[in-house]
Amino acid sequence: MLELVPITESIGTDVRGVDVTAGLSDSDFERVYRAWLDTTILLVRGQDMTPAQHIEFTRRFGEIYTYTRSQFNDQEYPEILILSNKKENGKPIGSAYSGRVWHSDGHFLADPPVGSMLYAREVPPVGGDTWYGNMYAAYDALPERVKERIEDLRVVISRVQSRPYNYPDRPAPTPEERAEWADVSHPVVRVHEETGRKALMVGGNVPWRIEGMPEEESLPLVTFLQEFAVQPRFTYRHTWQPGDILLWDNRSAMHRATYYDHVAHTRLMHRTTITGRRTTAAAA
Ligand code: OGA
Ligand code: MN
């Protein structure tokens with residue numbers, strides 16, 4: 001029987017008593033979907049899914065976004081992105097250094113993905129945890145005067161600038177990529193399209209600039225917000241076991257990967273991504 005158990009006081013729902021490959025009834029799914037929106041991440045442990053079943057389960061939450069130019073899509077199922085340090089015939093089969101800073105996925109895109117579903121296949125004995133933060137809770141906890149100050153602000157994000165930080169293992173952006181990757185801006189306070197709630201969205205390793213604000217004013221503000229957002233009271237650090245599924249709402253959660261010994265151990269994760277929607281600001 002389906003059971004929904006909070007992971008911590010501030011974030012996440014542990015979904016128990018289900019086999020996702022058997023399919024959830026509409027009424028059970030409705031409860032699970034609601035918990036996802038309300039608590040920002042869902043954990044389902046002990047699942048044995050094929051890539052096709054992973055895709056099917058993801059589709060219940062929304063349309064799948066396929067990275068069209070990734071060399072790390074699964075050969076047979078391009079909807080699945082592989083995160084791994086493993087190599088086959090000397091070639092990496094997956095992205096090895098994804099997400100080692102607090103971020104939301106695809107924040108350098110005009111329409112960032114709605115969510116991502118990560119499924120653990122092989123995990124190291126220690127390390128390689130993923131950290132999640134509830135950005136509704138972070139926003140709610142801000143002092144009123146800070147809320148007022150940031151209400152209408154937008155943050156400018158440069159994909160070109162962030163590339164060497166996000167992917168130290170990949171070559172620098174080509175001239176074509178530089179031309180294609182226009183800067184985007186997103187509201188610092190994002191209004192969730194489905195819940196109407198406000199979430200603080202200030203992830204990233206490059207100190208993003210606030211639109212129209214001088215750097216000496218912008219930098220301390222962004223740094224303050226980034227540090228405020230990821231205090232332990234808003235976060236949960238997940239230690240993976242094979243068979244764990246974690247689905248995050250990219251509109252209300254941030255996340256980050258952590259270090260593991262990639263020489264001694266292997267990690268193999270499959271990720272699906274749900275298509276993006278335009279971000280909405282509080283002022284809109
Ligand atoms: C991601 C990501 C973190 C991890 O898949 O978007 O940031 O721990 N992954 O693999
Ligand atoms: Mn990520």
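All ligand and atom numbering here is 1-based and tracks the order in the structure. Note: hydrogens, waters and symmetry copies are ignored here, and every other heavy atom, side chains too, is used. If you read the sequence from its start, that first residue is 1, and numbering goes on from there.
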**Asked** Hey, which atoms in ligand 1 end up nearer than 4.0 Å to a heavy atom of His255?
**Response** 1 (C), 2 (C), 6 (O), 7 (O)

**Request:** May I ask you to identify, for Trp131, whether its side chain, its backbone, both or neither come under 4.0 Å of ligand 1 on a heavy-atom basis?
**Result:**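 Within the 4.0 Å criterion, Trp131 makes no contact with ligand 1.
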
**Request:** Measure from NZ or CZ of Lys198 to the centre of the six-membered ring of Tyr136, then state whether that distance is under 6.0 Å and the direction lies within 45° of the axis.
**Result:** no

**Asked** For ligand 1, which atoms have a heavy atom of Trp248 less than 4.0 angstrom away?
**Response** 1 (C), 5 (O), 6 (O)

**Message:** Check for me whether Tyr260 has a heavy atom closer than 4.0 Å to any atom of ligand 1.
**Reply:**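 Outside the 4.0 Å threshold, so no.
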
**Request:** Write down the atom of Ser10, the atom of Arg233, and the distance for their closest heavy-atom approach.
**Result:**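 Smallest interatomic distance, heavy atoms only, reads OG-O, 2.8 Å.
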
**Message:** With respect to Thr258, determine whether any N or O atom, backbone or side chain, lies less than 3.5 Å from an N or O atom of ligand 1.
**Reply:** no

**Request:** Specify side chain, backbone, both or neither for Arg100, according to which of its non-hydrogen atoms lie closer than 4.0 Å to ligand 1.
**Result:** neither

**Prompt:** For atom 8 (O) of ligand 1, what's the nearest protein heavy atom and its distance?
**Reply:** Thr130 OG1, 2.6 Å

**Asked** Tell me: protein heavy atom nearest atom 1 (C) of ligand 1, and distance?
**Response**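 Of every protein heavy atom, Arg271 NH1, 3.3 Å lies nearest to atom 1 (C) of ligand 1.
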
**Request:** Using the Mn ion (ligand 2) as the apex, give the angle to atoms OD1 (Asp105) and NE2 (His255), rounded to 10 degrees.
**Result:**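 The OD1/NE2 angle about the Mn ion (ligand 2) sits at 90°.
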
**Prompt:** What protein heavy atom sits nearest atom 10 (O) of ligand 1, and how far off is it?
**Reply:** Arg267 NH1, 2.9 Å

**Request:** Provide the number and element of each atom of ligand 1 under 4.0 Å from a heavy atom of Leu83.
**Result:**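 Per the distance check, 5 (O), 9 (N), 10 (O).
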
**Request:** List every atom of ligand 1 that sits less than 4.0 Å from any heavy atom of Asp105, numbering the atoms from 1 in the order shown and giving each element.
**Result:**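 Listed by number with element, the hits are 6 (O).
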
**Message:** Does this structure show an ion pair linking Asp183 with Arg159, if we count only N-O contacts that are shorter than 4.0 Å?
**Reply:**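 Salt bridge between Asp183 and Arg159, a charged N being under 4.0 Å from a carboxylate O: no.
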
**Asked** What is the ring orientation for Phe29 with Tyr33, classed by angle as parallel under 30°, tilted 30 to 60°, or perpendicular over 60°?
**Response** tilted

**Prompt:** Is a salt bridge present between Glu193 and Arg190, judged by a nitrogen-to-oxygen distance below 4.0 Å?
**Reply:**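 So Glu193 pairs with Arg190 through a salt bridge.
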
**Request:** Validate the cation-pi geometry between Arg100 and Tyr259: distance from NZ or CZ to the six-membered ring centre under 6.0 Å, angle to the ring axis within 45°.
**Result:**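 Relative to the ring axis of Tyr259, which defines the angle, Arg100 lies outside at least one limit.
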
**Prompt:** For atom 3 (C) of ligand 1, which protein heavy atom lies nearest, and how many Å away is it?
**Reply:**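 Checking every protein heavy atom, the shortest distance to atom 3 (C) of ligand 1 gives Ala257 CB, 3.6 Å.
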
**Message:** Regarding Asp105 and Ser116, do their side chains bring together a donor and an acceptor under 3.5 Å, going by distance alone?
**Reply:** yes

**Request:** Check whether any heavy atom of Arg256 sits under 4.0 Å from an atom of ligand 1.
**Result:**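 False for this residue.
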
**Message:** Test of understanding: given a 4.0 Å heavy-atom threshold, classify the contact between Met269 and ligand 1 as side chain, backbone, both, or neither.
**Reply:** neither

**Item:** His103, N/O/S atom nearest the Mn ion (ligand 2)
**Value:**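 For His103, the N/O/S atom sitting closest to the Mn ion (ligand 2) is NE2.
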
**Numbered atoms of ligand 1 (with element) below 4.0 Å of His103, judged on heavy atoms** = 7 (O)

**More than 12 heavy atoms of other groups within 6.0 Å of Glu217 CD** =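 Atom CD in Glu217 is crowded, with more than 12 foreign heavy atoms closer than 6.0 Å.
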
**Parallel, tilted or perpendicular: ring planes of His107 versus Trp208, cut at 30 and 60 degrees** = perpendicular

**Item:** Arg60 bridged to Asp26 by N-O distance under 4.0 Å
**Value:** yes

**Lys/Arg cation over aromatic Trp131: Arg256, 6.0 Å, 45° cone** =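 Geometry flag: not set, cation outside 6.0 Å or 45°.
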
